[in-house]
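Structure, as structure tokens:
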Amino acid sequence: MKRNKLVVACVMLVGIGLVSQVVERNLDKPAIQKYVETSFKETDDDKDTFDFKDEKETNIFEWIGF
């Protein structure tokens, strides 16, 4: 009984892998790239321009409650 469950789990894992490969090969990659380039904006989110006021440095003892 345990062996049957293991075989079913392995077959399902291989099946999911095969389906994901088929889906990946059928994606229209140039269309996705065009959508991303037109829809998303690049921002300057580095440490110099980002506000860290809400973040407080705590050590492990403060985090636990001592």
Side-chain angles (χ1 to χ4, degrees):
M1 190 65 151
K2 210 175 213 185
R3 185 176 176 187
N4 289 342
K5 289 181 182 179
L6 183 63
V7 170
V8 169
C10 289
V11 169
M12 287 179 61
L13 185 64
V14 170
I16 290 171
L18 290 173
V19 168
S20 70
Q21 290 296 315
V22 169
V23 169
E24 183 179 351
R25 288 176 195 239
N26 289 330
L27 289 176
D28 188 9
K29 291 178 183 167
I32 295 171
Q33 182 178 0
K34 183 179 177 186
Y35 176 77
V36 169
E37 288 173 352
T38 58
S39 299
F40 296 103
K41 293 183 265 182
E42 196 170 322
T43 61
D44 296 338
D45 287 342
D46 57 357
K47 287 185 177 182
D48 297 334
T49 60
F50 196 76
D51 188 16
F52 289 101
K53 287 181 185 175
D54 294 335
E55 293 184 16
K56 177 183 156 190
E57 286 190 29
T58 58
N59 59 22
I60 188 71
F61 296 112
E62 291 175 349
W63 186 73
I64 292 174
F66 290 109

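Among residues two or more places apart in sequence or in another chain, the side chain to side chain contact (heavy atoms under 4.5 Å, CB included) test is passed with N26 by V22. With sequence neighbours excluded, the residues satisfying side chain to side chain contact (heavy atoms under 4.5 Å, CB included) with Q33 are E37.
In terms of heavy atoms, E24 sits closest to K29 at O-CE, 3.9 Å.
In this structure, the side chain of S39 does not engage the main chain of V36 through any donor-acceptor pair within 3.5 Å.
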N/O donor to acceptor pairs below 3.5 angstrom from side-chain atoms of residues 3-14, sequence neighbours left out:
none

